[in-house]
Every structure is written in structure tokens, then in C-alpha cells.
There are 2 protein chains.
Amino acid sequence: MRTLNPLYPTCPIRNIINRMSDKWSLLILSTLNQNNIMRYKELNAAIPDISQKMLSSTLKRLEEDKLINRKMYAEIPPRVEYSLTKTGKEFMPAVDMMVNWALEHFEEIVS
Amino acid sequence: MRTLNPLYPTCPIRNIINRMSDKWSLLILSTLNQNNIMRYKELNAAIPDISQKMLSSTLKRLEEDKLINRKMYAEIPPRVEYSLTKTGKEFMPAVDMMVNWALEHFEEIVS
DNA sequence: CGGAATCCTAATGGATACTG
DNA sequence: CAGTATCCATTAGGATTCCG
């Protein structure tokens, strides 16, 4: 069964939520949104506590999901640039809304 | 260090994102948002594939985070009603935005 | 430089049985 | 009815090493 009711496991909404519910995806998307184009190393510097493994695998998944572009230049040493796709950019207002809500209510929630 | 820069681990935004990045929180909040007040059993029926353990523990955490109210009646058999707090309700527009984006882009992403 | 491969640990979450 | 408690399997993710 495929339904639009998020209460059922096969729902697209749940599918999407599952993809975003990891430790790094939202953070990487936000970082790219602030900087437009970033190299692998710049992303790693901007998110200092992510491991290389998680940065690589999360970027790969976001690329497969068409939220980010990966552009590789045939140079030595290699250069790779990441940026948001159109779809990725369209997702950011929702992320920003979550972030703003988090800023407003943080004290209340953690206290 | 506590900063508002989400790129650092101590940031409130990351703290909040981590709390929402589990399997069931957003789904439970959405369900409560659609129904206003629900008993434990109704929630379980509405989300058929959640285990009792996860329903209980997620509800508990959401209550601790002041996103939902838990009202218990001293009856036998017991009755417990859950609903969104004011803070919880204010979070829902952001969730709805994510959901709408997911509906628009689902085919593109999973294909 | 931008990864991939491997190994390992910690955390998540499911199944089942039990309880006030 | 509304949960706990326990045990277990799976997965997420970190550290390290190596590669084109």
C-alpha cells in the first residue's frame, strides 16, 4: 500500500522524514545554503566534528537524493565542489523555520 | 563554548535537531496536531507500526521537552490524554512545510 | 585533495512478558 | 488501559589506515 497518510510506513512523507533524520544531513544542507559552493575540505572545516566517513557518506546520499550537486574537476590534486540543487534550495525555507523555532524555544526546552 | 552557530556541537539549533532526529517524534507530533487530544491507545492505533516501548519513551521525552501535555485521570482502568503544548503547536508550521515539500518532491527524489 | 575500506563501539529500536 | 522491564538484533557512526 502506498498512501499519503504519514501514519502508514509506506507513506512518501515518512520516507522523506527518515532520510532527513540522521545526524548530519540538515547541518550540511544549511552549511551549503549559507555558502553556495563549497569544496569537500571547506565543508569539513565548517563542521569540525564530523568524521570524514560521515561527511562522505552523507554527501553521497544527498547527491543520490538530488538535493546537492557534486562537480568534480579533473585536476591533480583533485577538486570537488558541492552546492544545493534547485530542489535542495526549495527545501531550505522549511529548515530555516525549524531553526528559528529552535532559537526561540531553546531555553524553555532544555531547562 | 555555547554559540548560535549551528556548525558547532554546543549550538542550541543542533541540540534541537538532535532531539527531532529520531524515528517517531515528528510523526507523533503530526498525529497530535491533527487530533488535538488523544489517548495512549488512540495514538497506538493511529501509528500502527510503532512498538509500545517506543511510543512510551517518545511520548515521555516530548513531555520532558514541553512539546506535549500528559494528563492522567485517576480512574480504573486509567485514562491518559495527550495534546500539544503551546510550544508544540508553534512548531507545527515548520513540520508542515517539510511535509509539503516532501509531497512535492517525493517522486523526483526516490526515482 | 578527496575520498574508500575496514574495524569497532554505542545507540536505536523491536519483541515479548509482565504490572498497577 | 497504559504503561515497565528485559533481552536482543540492527544500525549509525567514529577512528584509523590506505589509495588514485
Side-chain angles (χ1 to χ4, degrees), chain A residues 6-11 14-29 31-32 35 37-65 68-83, chain B residues 6-11 14-29 31-32 35 37-65 68-83:
Chain A
L7 309 180
Y8 291 90
T10 48
C11 173
R14 277 179 68 162
N15 189 303
I16 299 289
I17 286 178
N18 285 343
R19 281 163 198 252
M20 296 303 159
S21 302
D22 69 328
K23 193 170 176 181
W24 301 110
S25 290
L26 289 180
L27 205 51
I28 289 175
L29 291 175
T31 307
L32 283 175
N35 295 274
I37 297 179
M38 296 183 84
R39 297 178 66 168
Y40 180 90
K41 200 180 185 181
E42 292 175 320
L43 277 165
N44 208 348
I47 310 177
D49 59 330
I50 194 173
S51 66
Q52 291 188 331
K53 177 190 173 186
M54 289 316 296
L55 181 54
S56 298
S57 61
T58 308
L59 285 170
K60 198 172 189 177
R61 173 150 202 205
L62 291 172
E63 188 196 4
E64 286 168 3
D65 287 351
I68 65 174
N69 298 123
R70 180 180 186 275
K71 189 168 180 182
M72 188 176 177
Y73 296 86
E75 304 172 355
I76 294 185
R79 179 161 56 104
V80 179
E81 289 177 350
Y82 292 95
S83 58
Chain B
L7 309 180
Y8 290 91
T10 47
C11 172
R14 279 179 68 161
N15 189 303
I16 299 289
I17 286 178
N18 285 343
R19 281 163 198 255
M20 296 303 160
S21 303
D22 69 327
K23 193 169 176 180
W24 302 110
S25 290
L26 289 180
L27 205 52
I28 290 175
L29 291 175
T31 308
L32 282 174
N35 295 274
I37 296 179
M38 296 182 82
R39 298 179 65 167
Y40 180 91
K41 200 181 185 181
E42 293 174 322
L43 277 164
N44 208 349
I47 309 177
D49 59 330
I50 195 172
S51 66
Q52 290 188 331
K53 177 190 173 185
M54 289 315 297
L55 181 54
S56 299
S57 61
T58 307
L59 285 169
K60 199 171 188 177
R61 174 152 200 201
L62 291 172
E63 188 196 3
E64 286 168 2
D65 286 352
I68 66 174
N69 298 122
R70 179 180 187 275
K71 189 168 179 182
M72 188 175 178
Y73 297 86
E75 305 172 354
I76 294 185
R79 179 162 55 105
V80 178
E81 291 178 348
Y82 292 94
S83 58

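Letters go in sequence order (proteins before strands), and every chain restarts at 1. All values below come from the heavy atoms of this structure, side chains included, with hydrogens, waters and symmetry mates left out. Note that the structure is a prediction, hence the values are computed from the model and not measured.
Arg14(A) places a side-chain heavy atom less than 4.5 Å from the side chain of Asp49(B). No side-chain heavy atom of Asn35(A) sits less than 4.5 Å from a side-chain heavy atom of Glu42(A). Looking only at side-chain heavy atoms (C-beta outward), Thr58(A) and Asp22(A) come within less than 4.5 Å of each other. Looking at heavy atoms from C-beta onward, Leu59(A) lies out of side-chain contact with Arg70(A) at the 4.5 angstrom threshold.
Using a 4.0 Å heavy-atom criterion, one finds that Ser56(A) contacts the sugar-phosphate atoms exclusively.
Taking atom OH of Tyr73(B) as the reference point, atom P of dG3(D) lies 13 Å away to the nearest angstrom. The OH atom of Tyr82(B) sits 7 Å away from the C1' atom of dA2(D) (whole-angstrom rounding). Rounded to whole angstrom, the span from the CG atom of Leu43(A) across to the C1' atom of dG3(C) amounts to 13 Å. The nearest whole Å value for the distance from the CG atom in Leu55(A) to the P atom in dA12(D) is 17 Å. The nearest whole Å value for the distance from the CZ atom in Arg79(B) to the P atom in dG3(D) is 13 Å. Here dA2(D) presents its P atom at 14 Å from CD1 of Ile37(B), a figure rounded to the nearest Å. Separating the OH atom of Tyr40(A) from the P atom of dC1(C) is a distance of 12 Å, rounded to the nearest angstrom. For Lys60(B) and dG3(D), the NZ to P distance is 10 Å, given to the nearest whole Å.
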| query | Asp65(B) and Ile16(B): side-chain contact (heavy atoms from CB on, under 4.5 Å), yes or no, with the steps? | reply | CA-CA 10 Å; Asp65(B) 286 352; Ile16(B) 299 289; over 6 Å; no

| said: Applying side-chain contact (heavy atoms from CB on, under 4.5 Å) to Ile28(B) and Ile50(B), what does each step give before you reach the verdict? | reply: CA-CA 10 Å; Ile28(B) 290 175; Ile50(B) 195 172; 4.2 Å; yes

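Phosphate proximity of dA2(D) to Lys41(B): absent, as no side-chain N or O sits under 4.0 Å from OP1 or OP2. Proximity of Arg70(B) to the phosphate of dG3(D): a side-chain N or O atom is located under 4.0 Å from OP1 or OP2. Of the side-chain N and O atoms in Arg39(A), one or more sit less than 4.0 angstrom from OP1 or OP2 of dG2(C).
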| Summary of protein contacts for nucleotides 9-20 of chain C, nucleotide by nucleotide, where a base hit scores B, a sugar-phosphate-only hit scores S (4.0 Å, heavy atoms) | ----BBB-B--B

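For the atom pair Leu55(B) CG and Ile47(B) CD1, the distance stands at 7.0 Å (nearest 0.5 Å).
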